[in-house]
Amino acid sequence: MSAVGNGNNIFWHNCPVGKPEREKLLDQKGCVVWITGLSGSGKSTVACSLSKELHARGKISYVLDGDNLRHGLNKDLSFSAEDRVENIRRVGEVARLFADAGLICIASLISPYRRDRDFCRELLPEANFIEVFMNMPLELCEARDAKGLYKLAREGKIKGFTGIDDLYEPPLNCEIELRQNDGVCPTPCAMAKQIVAYLEEKGFLEA
Ligand SMILES: Nc1ncnc2c1ncn2[C@@H]1O[C@H](COP(=O)(O)OS(=O)(=O)O)[C@@H](OP(=O)(O)O)[C@H]1O
Ligand SMILES: Nc1ncnc2c1ncn2[C@@H]1O[C@H](COP(=O)(O)OP(=O)(O)O)[C@@H](O)[C@H]1O
């Protein structure tokens, strides 16, 4: 037993059934597919499409969507820089648990700061964090404006909106970059299949 955490009286308890045993039952390897990008870049759509593709192949995944989590686990958090850091930290920890459970955890959050995404990467064993960059131009995201938030941000009715008056730091070394081809955005299904191909190649779709 080893002492961990900030307190002196906290101990880690090991369980004889571990990640490898669960992965064997599930015939897959637990990992985190972390989808980052601007609001409206298509993160949630690709996350759901990926989950559907995996389900069709008999693989178990779970989507952690930033918007949805802000209805519950993260309902106390705002969009200040400090609260975004805490938002990503919490989701990173939850994603780690899902991956440890043997699931393919798909996290789709703006996660604008490089440092926070790297923090989440460090929580996982080597290669188990797959960063997917939705590299869509701001103009496209703004033209979509599915929730009308860009319009409000341009009118100054929302302050600190990512890409307008708040920072987005693109990944420097992501595993997968999804972008337009000749000015055309691939379909969600095509992008999901690109991620599935990566997971297959790296051996995540078998125990
Ligand atoms: N100020 C500001 N900036 C960015 N986004 C905003 C803001 N206010 C509300 N929203 C809505 O919140 C969704 C993003 O939540 P996230 O948890 O993914 O954001 S973050 O990772 O903490 O930056 C985001 O959803 P998506 O469009 O799905 O990205 C917006 O709908
Ligand atoms: N590949 C795509 N091609 C065309 N439209 C898309 C695509 N992906 C998403 N959309 C549309 O763009 C809007 C934003 O998508 P969404 O998945 O909600 O983005 P995000 O989660 O990054 O905010 C939605 O109206 C969605 O239908």
Side-chain angles (χ1 to χ4, degrees), residues 32-53 61-96 105-121 123 129 131-171 174 176-196:
V32 173
V33 176
W34 190 281
I35 307 177
T36 173
L38 294 172
S39 174
S41 59
K43 300 180 299 297
S44 306
T45 306
V46 167
C48 291
S49 196
L50 174 59
S51 194
K52 202 172 146 201
E53 284 291 327
S61 64
Y62 192 84
V63 176
L64 297 175
D65 190 85
D67 248 341
N68 293 354
L69 293 172
R70 282 175 176 275
H71 284 84
L73 177 70
N74 295 330
K75 72 200 292 185
D76 57 323
L77 300 177
S78 72
F79 288 89
S80 68
E82 193 186 26
D83 278 6
R84 288 188 204 244
V85 172
E86 175 60 9
N87 185 33
I88 303 312
R89 188 196 70 79
R90 284 185 201 172
V91 180
E93 290 287 357
V94 174
R96 186 232 300 247
C105 180
I106 306 163
S108 55
L109 296 96
I110 296 179
S111 42
Y113 311 138
R114 215 170 273 142
R115 206 174 139 184
D116 301 335
R117 298 191 301 264
D118 288 345
F119 169 85
C120 297
R121 182 185 286 276
L123 291 175
F129 184 89
E131 192 171 355
V132 178
F133 177 29
M134 296 296 301
N135 189 4
M136 301 301 158
L138 175 65
E139 300 71 44
L140 173 70
C141 302
E142 193 167 354
R144 285 177 175 166
D145 207 8
K147 301 168 193 157
L149 298 179
Y150 279 102
K151 183 169 182 288
L152 293 175
R154 288 290 184 197
E155 291 167 358
K157 292 177 183 159
I158 299 179
K159 301 279 182 217
F161 196 79
T162 305
I164 304 296
D165 56 350
D166 215 59
L167 185 65
Y168 179 80
E169 297 176 325
C174 60
I176 301 173
E177 183 178 346
L178 300 174
R179 55 186 311 151
Q180 294 179 298
N181 301 321
D182 297 324
V184 178
C185 184
T187 64
C189 181
M191 291 191 281
K193 284 191 167 143
Q194 193 177 330
I195 303 173
V196 169

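Order of listing sets the numbers, starting from 1, for every ligand and every atom in it. No hydrogens, no waters, no symmetry mates; every other heavy atom, side chains included, goes into these values.
- For ligand 1 and S39, the ligand atoms under 4.0 Å from any heavy atom of the residue are 26 (P), 27 (O), 29 (O).
- Residue contact check: S39 has heavy atoms under 4.0 Å from atoms 23 (O) of ligand 2.
- Under 4.0 Å from ligand 1, the heavy atoms of I88 that appear belong solely to its side chain.
- Ligand 1 has T162 within reach: a non-hydrogen atom of the residue lies less than 4.0 Å from it.
- A salt bridge is defined here as a Lys NZ or Arg NE, NH1 or NH2 lying under 4.0 Å from an Asp or Glu carboxylate O, and E86 with R89 meets this definition.
- The distance from ligand 2 to the heavy atoms of M191 drops below 4.0 Å at these ligand atoms: 1 (N).
- Formation of a donor-acceptor pair under 3.5 Å by the R114 side chain with backbone atoms of P170 is found in this model.
- Residue P186 holds the heavy atom nearest to atom 1 (N) of ligand 2 of all those in P186, G42, G40.
- Figure legend: cation-pi geometry between R117 and F129 absent, as NZ or CZ is not positioned both under 6.0 Å from the six-membered ring centre and within 45° of its axis.
- Shown here for S108 and D65, the closest heavy-atom pair between the two residues is OG-OD1, 2.7 Å.
- The shortest N or O to N or O distance between K43 and ligand 2 is below 3.5 Å.
- In the vicinity of L109, heavy-atom distances shorter than 4.0 Å reach the ligand 1 atoms 17 (O), 18 (O), 21 (O).
- For ligand 2, one of its N or O atoms has an N or O atom of S44 under 3.5 Å away.
- Per-residue contacts place P112 under 4.0 angstrom from the following atoms of ligand 1 (heavy atoms of the residue considered): 21 (O), 23 (O).
- Counting heavy atoms closer than 4.0 Å to ligand 1, residue L38 contributes nothing at all.
- Other residues, nucleotides and ligands place no more than 12 heavy atoms under 6.0 Å from the CD atom of E82.
- Looking from atom 9 (C) of ligand 2 to the surrounding protein, the closest heavy atom is T45 OG1, 3.4 Å.
- Listed by number with element, the atoms of ligand 1 under 4.0 Å from a non-hydrogen atom of G66 are 17 (O), 18 (O).
- Near K147, the atoms of ligand 1 lying under 4.0 angstrom from a non-hydrogen atom of the residue are 25 (O), 26 (P), 27 (O), 28 (O), 31 (O).
- Here the protein heavy atom with the shortest distance to atom 30 (C) of ligand 1 is L149 CD1, 3.5 Å.
- Panel note: side chain N87, backbone N74; no donor-acceptor pair is recorded below 3.5 Å.
- D166 has its side chain within reach of R84: a pair of non-hydrogen atoms, C-beta onward, lies under 4.5 Å apart.
- Comparing Y168, F79, Y113 against atom 6 (C) of ligand 1, the shortest heavy-atom distance belongs to F79.
- Not one N or O on the side chain of N135 forms a donor-acceptor pair closer than 3.5 Å with the backbone of L178.
- Y150 and F161 have perpendicular rings, their planes meeting at more than 60° on a 0 to 90° scale where under 30° would count as parallel.
- In this structure, the side chain of S80 does not engage the main chain of S78 through any donor-acceptor pair within 3.5 Å.
- The ligand atoms of ligand 1 that sit less than 4.0 angstrom from a heavy atom of G160 are 1 (N), 2 (C), 3 (N).
- Contact annotation: for R144 versus ligand 2, heavy atoms closer than 4.0 Å belong to the side chain alone.
- The heavy atom nearest to atom 3 (N) of ligand 1, out of those in R84, R144, R70, is found in R84.
- Using a 4.0 Å cut-off between heavy atoms, L38 contacts ligand 2 through its backbone alone, with no side-chain atom that close.
- Of all heavy-atom pairs between D76 and L73, the closest is OD1-O, 3.7 Å.
- Interface of C185 with ligand 2, defined as ligand atoms under 4.0 Å from a residue heavy atom, comprises 1 (N), 2 (C).
- For atom 22 (O) of ligand 1, the choice among N68, N74, L152, N87 with the nearest heavy atom turns out to be N87.
- K52 is not listed as a side-chain neighbour of P188, based on a closest heavy-atom distance of 4.5 Å or more.
- Here the protein heavy atom with the shortest distance to atom 25 (O) of ligand 2 is A146 CB, 3.6 Å.
- Looking at S61, its side chain never comes within 3.5 Å of a backbone N or O of C105 through a donor-acceptor pair.
- Scanning the protein for heavy atoms near atom 14 (C) of ligand 1, the closest one is I110 CD1, 3.6 Å.
- Ligand 1 places these atoms under 4.0 Å from at least one heavy atom of G40: 27 (O).
- With N181 contributing its side chain and C185 its backbone, the two residues share no donor-acceptor pair below 3.5 Å.
- Looking at K43, its side chain does come within 3.5 Å of a backbone N or O of G37 through a donor-acceptor pair.
- Atom 2 (C) of ligand 1 has as its closest protein heavy atom F161 CD1, 3.3 Å.
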